[in-house]
2 protein chains.
Amino acid sequence: MTESESPKPYHHGHLREQLLAAGEQALGEMPVEQVSLREIARRAGVSHAAPKHHFPSLGHLLGEVAARGYTRFAGALAAAADAAPDQSPQSRLLAMGRAYLRFAESNAAAYQLMFGQREPMVMTPNLITASYAAWSQLLEAVTAIVGSARAQGAALHVWSSVHGLSTLKLSGRVPPEMPGHNLEEQMLQMMLAGLENQ
Amino acid sequence: MTESESPKPYHHGHLREQLLAAGEQALGEMPVEQVSLREIARRAGVSHAAPKHHFPSLGHLLGEVAARGYTRFAGALAAAADAAPDQSPQSRLLAMGRAYLRFAESNAAAYQLMFGQREPMVMTPNLITASYAAWSQLLEAVTAIVGSARAQGAALHVWSSVHGLSTLKLSGRVPPEMPGHNLEEQMLQMMLAGLENQ
DNA sequence: AGATATATTTTTACATTGTCAAGATTTAAT
DNA sequence: ATTAAATCTTGACAATGTAAAAATATATCT
């Protein structure tokens with residue numbers, strides 16, 4: 001029972017890690033509903049049943065991939081806020097909003113996995129904590145503007161706005177006659193105005 | 001039990017209509033991703049390949065079902081606006097917002113089909129016109145508040161808010177410690193405030 | 001060390017799914 | 001009535017996720 005030296009890799013190496021990487025890679029190259037268990041196994045160079053020992057089901061694998069997505073996501077939001085030109089709470093929140101929209105656009109499949117209803121996805125513990133961390137970040141930024149009493153409702157308002165716009169765009173429901181960038185900025189301003197004038 | 005029959009033109013009757021009805025029925029009883037072509041055929045009492053002659057693919061069938069969803073949806077919004085206590089533009093818009101949230105909640109699977117990324121869904125002509133009709137309705141309500149110049153951006157703001165909240169709730173991402181009804185009302189108020197103070 | 005146990009991967013297999021190609025059968029046309 | 005067309009069923013195929021059994025590599029123990 002003496003656990004002596006560092007754990008040596010098994011047959012294939014650290015397959016669990018590679019499966020997660022393959023999942024993220026697949027999300028970058030194909031729509032979310034095409035990211036199947038067998039596709040991920042294929043990319044990792046193993047048989048279609050190999051993941052079974054590391055993830056009890058596809059849903060668990062996707063859950064872990066989504067958790068990683070949330071971590072990247074939270075990092076992007078934090079970086080944007082810290083890089084905001086004027087470091088006022090309003091400026092920081094707007095920066096986060098822009099980063100949010102940019103993330104959803106540049107990581108469409110991952111975003112759809114994280115927020116959509118890809119339906120064999122399991123709410124893994126890692127996923128719960130990672131998504132809660134992202135939410136906390138937004139909550140903090142909003143608290144700096146409206147105070148802690150109204151923070152929850154206000155944060156939900158902010159989140160709904162940017163999430164709603166993101167999903168509408170991703171599903172192609174936004175009439176294309178509206179130029180994208182200007183429109184987003186306009187929406188963020190309304191969102192902020194709603195926060196402050198209520 | 002098969003005696004007096006009305007004009008039954010074909011083998012089974014008007015199968016196309018029954019398939020659409022079966023699709024809507026299925027959406028009321030199971031999650032959207034379980035609504036398969038074979039499930040719909042089963043409910044209509046025909047073989048799994050029978051739909052082929054009426055719909056070239058599952059995507060087309062789902063598209064038509066979604067179109068019907070949009071028609072019901074637009075009807076609910078219109079009824080709510082016309083039944084608003086105070087018939088001011090603001091009151092009408094708030095009523096529509098509440099109806100929107102209620103529809104998404106009471107018709108979860110249909111809503112997810114209409115707005116989500118159920119991915120073999122085809123943008124059928126009927127679907128395009130029906131969804132555009134719903135959008136026009138919202139646009140009209142918003143125009144009455146902000147004028148036609150800013151209407152498009154404002155309508156997108158409104159839509160994003162209610163759509164974002166709906167999808168967040170449907171995907172179980174709204175922290176449950178917030179009581180639902182009060183929260184929704186709070187969000188609608190912020191949404192309206194953002195419209196007017198910008 | 002050699003023997004045995006455990007962990008990992010592959011191979012098969014099965015029930016689903018959507019779509020296609022032939023048949024079969026009912027309705028319409030001539 | 002015969003023929004043509006439209007409609008439905010049957011059977012097949014390639015995918016999918018999952019499960020069990022077989023194979024293989026690694027770890028543990030004496």
Side-chain angles (χ1 to χ4, degrees), chain A residues 1-23 26-27 29-66 109 113 117-122 124, chain B residues 2 5-23 26-27 30-66 109 113 117-122 124:
Chain A
M1 285 140 193
T2 52
E3 317 202 6
S4 34
E5 68 277 18
S6 63
K8 277 274 288 185
Y10 300 114
H11 288 195
H12 182 271
H14 26 308
L15 179 56
R16 191 191 141 93
E17 176 56 35
Q18 276 185 243
L19 287 170
L20 292 172
L27 280 178
E29 298 176 7
M30 42 175 57
V32 60
E33 65 278 350
Q34 268 178 36
V35 178
S36 65
L37 195 153
R38 287 165 114 111
E39 170 65 27
I40 295 179
R42 232 173 272 135
R43 284 168 181 263
V46 293
S47 83
H48 65 266
K52 198 65 190 299
H53 247 266
H54 300 275
F55 302 94
S57 80
L58 168 63
H60 291 82
L61 209 179
L62 292 180
E64 291 299 298
V65 174
L113 174 66
Q117 68 269 8
R118 178 77 167 85
E119 234 342 282
M121 195 178 82
V122 169
T124 268
Chain B
T2 61
E5 62 275 5
S6 41
K8 293 213 170 179
Y10 306 118
H11 287 194
H12 183 270
H14 28 305
L15 180 55
R16 191 191 142 94
E17 176 56 34
Q18 275 187 244
L19 287 171
L20 292 172
L27 280 178
M30 43 174 59
V32 61
E33 65 279 349
Q34 270 179 36
V35 178
S36 64
L37 195 153
R38 287 166 115 109
E39 170 65 27
I40 295 178
R42 232 173 273 134
R43 283 168 181 263
V46 294
S47 83
H48 64 267
K52 198 63 191 300
H53 247 266
H54 300 275
F55 303 94
S57 80
L58 169 63
H60 291 82
L61 209 179
L62 292 180
E64 292 299 298
V65 174
L113 174 66
Q117 67 272 6
R118 177 75 168 86
E119 234 344 279
M121 195 178 82
V122 169
T124 268

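Throughout, protein chains are lettered first and strands after them, A, B, ... in sequence-line order, and every chain is numbered starting at 1. Heavy-atom basis, side chains included; hydrogens, waters and symmetry copies ignored. These figures come from a predicted structure and were not determined experimentally.
One finds no side-chain N or O of Lys52(B) lying less than 4.0 angstrom from the OP1 or OP2 phosphate oxygen of dT19(C). Dashed line: the shortest gap from a side-chain N or O of Arg38(B) to OP1 or OP2 of dA15(C) is not under 4.0 Å. Under 4.0 angstrom from either OP1 or OP2 of dC8(D) there lies at least one side-chain N or O belonging to His54(B). Between Ser36(B) and dT17(C) there is a side-chain polar atom (N or O) within less than 4.0 angstrom of OP1 or OP2.
Residue His53(A) has its side chain nearest to dT8(C) when only dT8(C), dT10(D), dT18(D) are considered.
Per the geometry, CZ belonging to Arg42(A) stands 10 Å off C1' belonging to dT16(D), to the nearest Å. Going from atom NE2 of His14(A) over to atom P of dT26(D) covers 15 Å, rounded to whole Å. Regarding Gln34(A), its CD atom lies at a distance of 14 Å from the C1' atom of dG18(C), rounded to whole Å. Summarising the geometry, the separation between CG on Leu37(A) and C1' on dG17(D) is reported as 7 Å, rounded to the nearest angstrom. Going from atom CZ of Arg118(B) over to atom C1' of dT17(C) covers 10 Å, rounded to whole Å. Ile40(A) places its CD1 atom 11 Å from the P atom of dT18(D), with the value rounded to the nearest Å. Here the P atom of nucleotide dG18(C) and the CD atom of Glu33(A) are 14 Å apart, to the nearest Å. Taking atom CZ of Phe55(B) as the reference point, atom P of dG18(C) lies 14 Å away to the nearest angstrom.
The side-chain contact (heavy atoms from CB on, under 4.5 Å) search around Ala109(B) returns Leu27(B), Val32(B), not counting sequence neighbours.
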Evaluation steps, side-chain contact (heavy atoms from CB on, under 4.5 Å), between His54(A) and Glu64(A): CA-CA 11 Å; His54(A) 300 275; Glu64(A) 291 299 298; over 6 Å; no
Residues Val122(B), Leu58(B); criterion side-chain contact (heavy atoms from CB on, under 4.5 Å); working and verdict: CA-CA 8 Å; Val122(B) 169; Leu58(B) 169 63; over 6 Å; no
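Judged by atom type and distance alone, His48(B) does not reach the base of dT16(C) through any side-chain donor-acceptor pair under 3.5 Å.
Using a 4.5 Å heavy-atom cutoff, the side chains of Pro51(B) and Ile40(B) are not in contact.
When each of Ala49(B) and Leu15(A) is assigned the nucleotide of DNA chain C with its nearest heavy atom, Leu15(A) is the one assigned upstream, toward the 5' end.
In this structure, CZ in Arg118(A) is found 5.5 Å from CG in Leu62(A), a value given to the nearest 0.5 Å.
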